[in-house]
Structures are given as C-alpha cells and as structure tokens.
Amino acid sequence: MNIKRRNFLKGIAGAGVGVAASPLLTSKALASEVKKLEANHIGMLYDATKCIGCKSCEVACKKANNMPVEYDAEGIYDAPRDLSKESLNIIKLYKGPEGISFIKRQCMHCVDPSCVSGCPTSALNKTANGIVTYDKDACCGCRYCQMNCPFNIPKFEFDDFYGEIKKCELCRTTNLVENGQPACTEACPTGAVIFGKVTSLLAEAKQRLEIDNKRSANSADKVNYINQVYGEFEGGGTSVLYLSKVPFEKLGLPNLPDYSQASLSEGIQHTLYQGLIAPAVIYAGLAAIAFKNRSGKKED
Amino acid sequence: MIRSKNLFVEKEVGRRDFLKLSTKVATVLGLSPAFIPQFSQALEKKDKPAVIWLHFQECTGCTESLLRAEGPDLAAVILDVISLEYHETLFAAAGHQIEEQLHAAMERYKGAYVLVVEGSIPTKENGHYCMIGGKTALASLKEVAKDCAAIIAIGSCASWGGIPSSGPNPTGAVGVGEIIKDKPIVTIPGCPPSPYNFLSTVVHFLTFGKLPTLDKLGRPLFAYGRLIHDQCERRAHFDAGRFANEFGDEGHREGYCLYKLGCKGPSTYGNCPEIGFNREKTWPVNVGHPCFGCIESQVGFNKSIHELSDVLFTTPPQQYAQIEETGNTTPTLIGVGAVGAVVGVAATAVAMKAKKLPGSEEG
C-alpha cells in the first residue's frame, strides 16, 4: 500500500489524540455521575462466621415473597443450587483449607448500581432509601442488567412469555412493610445477617473487627476475621456488607476496584458526547477528508 | 444372695425375653446377632462380679430407669447376674444391718468388686451436705473406692456433677472423676441415661472381659461417640431450613427442627435418637421438645433450655449449594487507553479507504 507522508502523519495524529485523551476521560469519569451512600440508606450486614447454614433465610424469603418450591436438576426437593427466578437469596457452602464457611448471596443493593446504569428503560432504580427496585411494567426484557451486574444477581424468567427480572428487593412490599425488616434478617436464628442503616452496619462491622483484633491469638472467642468489610468500597460500595474469616474471593465475592462500573462507563459516555462537541469534531474531520478527495487535487 | 445354676427356672424368665435382651444389647453395642449366643453363655457363668452401688446427691432416677428396662424380670436377672451386694433403694434391710452388709461385701470381694456410683459428691465444708450412716459422701466414696476393681459412674450427677452442680453450686458438687484418680472410671451420663447404655457396658465386660472403647471423658463410644444432631430424625428439616419458631405454631405441628427453640442436639453427644427411652422408643425431640443436653457437662443444667446451641461440627448434606463462581475479571485502565488508540487507527483506516474511492487520483 502506497502511503503518502502527509496521510501517514494524519493517521498518527489521530491515534495520538485518542491515546492522549483517554486518561483525561478516566479521571473525568471517576469524578462525574457517581451516586453516593446516603445516611438513611438501609441494608444488611452478613457475618459468615456466625452463619450455621440452616437456610432459615431461604425459607423465610420464599414464604414472604410467595415463591414456589424449587426442584433442582436431579429433582431433589427444595434444594436450589443457585440464585434463580424462584430463589432470591441463597446460602452456599465453602469447604477449604481454612475450614467450612457459608456465604449468603442476594442483590447487593449497590450504592452506584451497574444494573440501574445499564437499563435503557429505567425499569431498575435506586430509590431514596437505598433499595434497588425493579418495575416490571417498564422492563423491555433486554437483560442489560444481567450483563452489567458484577455479582451476577438478576435472573430472567426465560421460560415465561412475559418474563421478568427477579432479584432481592429487601422485601420492600412484603416483610419490610409488615414487620419492619426483610424476612431473611427476621428469620436468622444466630444473627448472622442483620438489618439496619448502612452507616450503622458499617460501624458495627468495623467494631467487630476491632474487638477481634484486640483478642489474644489463643482466646476461645478469637474469630480471625479477614481485616476488611466487603462492600465498603468494592464496586463503589454496596448496601449489603460482609464479614468473613475466609478470603472473600474464595466465597465467590469478586475482587472489584474501588469505583463502580457505572461511574466509568457513564463517565466516558458523557464526556465523549458532552454538548455533542466530540461527534461534531469527528464529523468535521471525516467531512474534510471526503471533501478533499472529491476535489481531485494531485499530491506527491 | 442365692445364685442358681439355672437362671431360667429360678426367675421364671422366658427364653424369648432372654433372647430379646441379648438382641437388644447386641444392637446397642453395634455388634452382629452372631454375638447373642456368647452373651447368653457369659450371663450364665458362675462367677459374676460383685457390685456395690452407692447413692449420693441423686434423685434415684438412674436406678428407676434401670428398673424399667424392657421386660419385667430382666432387670432382676441382670441384678442377680452381677451379684448386687449393696443397694440402698432395692434392699429391704436398713440401718446397722445394711451397713454391716456393705462392710462384709467389701471384705469378701476385696479388690474385685465393681463400684457403681449414682449421684454427685458435695465437697464444700468437708462434704457435710450429704451424710449417710454418719459418714460424709466424700469419705464413704474414698473408703469404698479404695478396694474396688473399677468404677461405673451412672448418670450425669456421678459423671460430672449434674443438677446439684448447676448455678452457683452451693454444695461444691462434683462427679466421681474429680475425687477418685487411681481407678478406671466409666461414665454413663444422662438424666437419666438409657438403661441399655449401662446394661450393655456391663454385658460387654462380662462377655469379653474388658470395657468397651471409651472417649477421653470415660464415656463408652458406642453410646456417646456421635452428636445427637447427627442422628436426629428431624435433621433433614435443619438442613433445609424448616424450623419451629414457637411451641404450637405451624412449624412445630409439622414436626420441623427445634433448633430455634433451643435444641442442644448440635452440641451434645449421645444415642437418644437411636434407641430412645421406654417401650415406644421416644425421646424429647420425638415428642416435640428440644433436647437440653442433659448428657453434656457444659450444656445441660448450664445453658438455659431455650438458649441457642453451638453447632460443634458443621456437616452439611451432599446436595448443599456450593460456591461455583470464583473470582471475576477486573477492568483495567489499560483497556481505556487501548480504546483511544483503536479510535485513532479507525480514523486512519477510514481516511486511507477514502483515498481509494472511485473519483480519486490514486486508484
């Protein structure tokens, strides 16, 4: 291919602009459009070291939200293996060199939710009290929320003609209204999962870590927590916080950066299309190239 | 005591009942029915160990439980088989007469008799909280234990202190093991223990000439080797999350797990769910009341009945949901720069292509 020096330099300039602009986009992205944790946001604190795997929370959730019994692939009665359209929260078992631990998985009610950001019809919303809600009447079934969620939570009803997305909504129309807290936190016998304002729960979690750090290594009460409250910063923060003595990644909680995916993607998008300046510039550039070729001027 | 060669004639015990007992013992010990003839032989042998049975701070429930072992005359058979030399509840004699009998038996069978202890021993104020025949329980135990061959502590009281040791323990009640340190001690805790735990231990000893395998608290493993939680008929409900929340609620009536009502099965060792009590083989959980851990020393009469139990070992069922996804891809800033470069390259490609469009000079 015969490249003229001018055209080559133009190409390099174009690529260079793109690379130079990207860090600017990022820092701008992190600063813009980020939802913050409010003082009145509610959530849950799950302490895996207190959980005995009794599944009271699973049963109570199903009962409060009128979910049917779910048979798994082998037809074993009422033994869901994962979150699904019929199981909005699930307890999973971890067996490893550290011992046995359980983990409760359900919607994390992120501070800056990726599902809300990705939803083209605003069927998913972050409400004033912090719950991420779903409106089936606005949903168009595109499942962008499923693709965006870093925790793989929303489940779509594929076998239903009018399929909906199913995920935990903190019992906002059921137990939260009737009894003041979600069914799972009400049912837990050991207090492994508790309900409250996220700020208070974060303080409680930190206090547990502090108290345990002060205990001597051979104290009978020593828990040996991982010195981190999962959800404080992960993915921009979540309203459901976790404490564990097994590394969180081994329990299936992904290792996320301290900013939300939504802030990054929305930041880039909004920066690129701010006032439609960038599209206008690119259009002008393309138009110039086309115009130049039309004029038929010879170049050496 | 009169001993007879032919037990069946003396006691009018049917062969059927005798075989039933032998079968039951074999079952409780976890041995095959092939051992039944061996048991029968052992029980018919002439020289049977003498047993001295002492009562201290107790309610006599353990004796009563033994008397209600299945079959009306079988307890009598066993008691005859082991040549009971001294027993305060069962003996007609009293006062000086019975005291003489005790000392005579200790002399006659010196070094060979088995001492069975029912009830805890108070230690405060030199043990004057329990006096029998002018002697403290403490002194009595030490005296009788001096020349015994082995000790069986029947019931939680004798094993670790039981009810008298609960709360502030005003009398300083302790189990036999706290006082006697130089003799082999088998403990059969429970309040009361199933009579078959005691009977099977005795028959095992008579048949095989040695005690069954014991754990570090002296409890025979065949009875106290597993948690009650791991043998409970309601375990499937625990594993599936179905609980009774209050007495009489729907869950309770459906027979769901009683963990939330304070069942101490997950922290108590025993065989109550397996062999039960009474002819109908009932046990507390079976009839709808949580186990309160009467067997276990830090649990029974220590923790309140409706307090949540620790779960000593987590043993989830095979089909428990497992962690399947581990880790996740992490977005990096490098990717963002790459996007910028791609945009630039795309622009170049467009420009180059535009040069080759029909109408341009360089075709």
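Quick note on labels: first sequence line is chain A, next is B, and so on, each numbered from 1.
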Checking B:Y320 against chain A: side chain, backbone, both or neither under 4.5 Å from a heavy atom?
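Looking at B:Y320, backbone and side chain both touch chain A.
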
Chain B heavy atoms under 4.5 Å from A:F248: which part of the residue, side chain, backbone, both or neither?
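Neither part, no heavy atoms under 4.5 Å.
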
Heavy-atom count check: over 12 atoms from other residues, nucleotides or ligands less than 6.0 Å from [X] [atom1]?
X	atom1	value
A:K245	NZ	no
A:Y283	OH	no
A:K63	NZ	no
B:K124	NZ	yes

Any idea which heavy atoms bring [X] and [Y] closest together, and the distance?
X	Y	result
B:Q322	A:R81	CG-NH2, 4.0 Å
A:P80	B:A321	O-CB, 3.8 Å
A:P189	B:L308	O-CD1, 2.8 Å
B:K260	A:A187	NZ-O, 2.6 Å
A:V59	B:G241	CG2-O, 3.3 Å

Counting heavy-atom pairs under 4.5 Å with chain B, which one of A:I103, A:I289, A:I282 comes out on top?
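Looking at each option in turn, the highest pair count goes to A:I289.
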
Among A:L286, A:T190, A:I91, residue most engaged with chain B (heavy-atom pairs, under 4.5 Å)
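So the answer, after comparing A:L286, A:T190, A:I91, is A:I91.
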
Within this structure, what is the CD1-CZ distance for the pair B:I323 and A:R105, rounded to the nearest 0.5 Å?
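Reported value, rounded in 0.5 Å steps: 7.5 Å.
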
How long is the straight-line distance from SG of A:C54 back to NE2 of B:H237, given to the nearest 0.5 Å?
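Interatomic distance, B:H237 NE2 to A:C54 SG, rounded to 0.5 Å: 14.0 Å.
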
Do B:P266 and A:I52 come close enough that some side-chain heavy atom pair is under 4.5 Å?
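A side-chain contact is absent here, since even the closest heavy-atom pair is not under 4.5 Å.
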
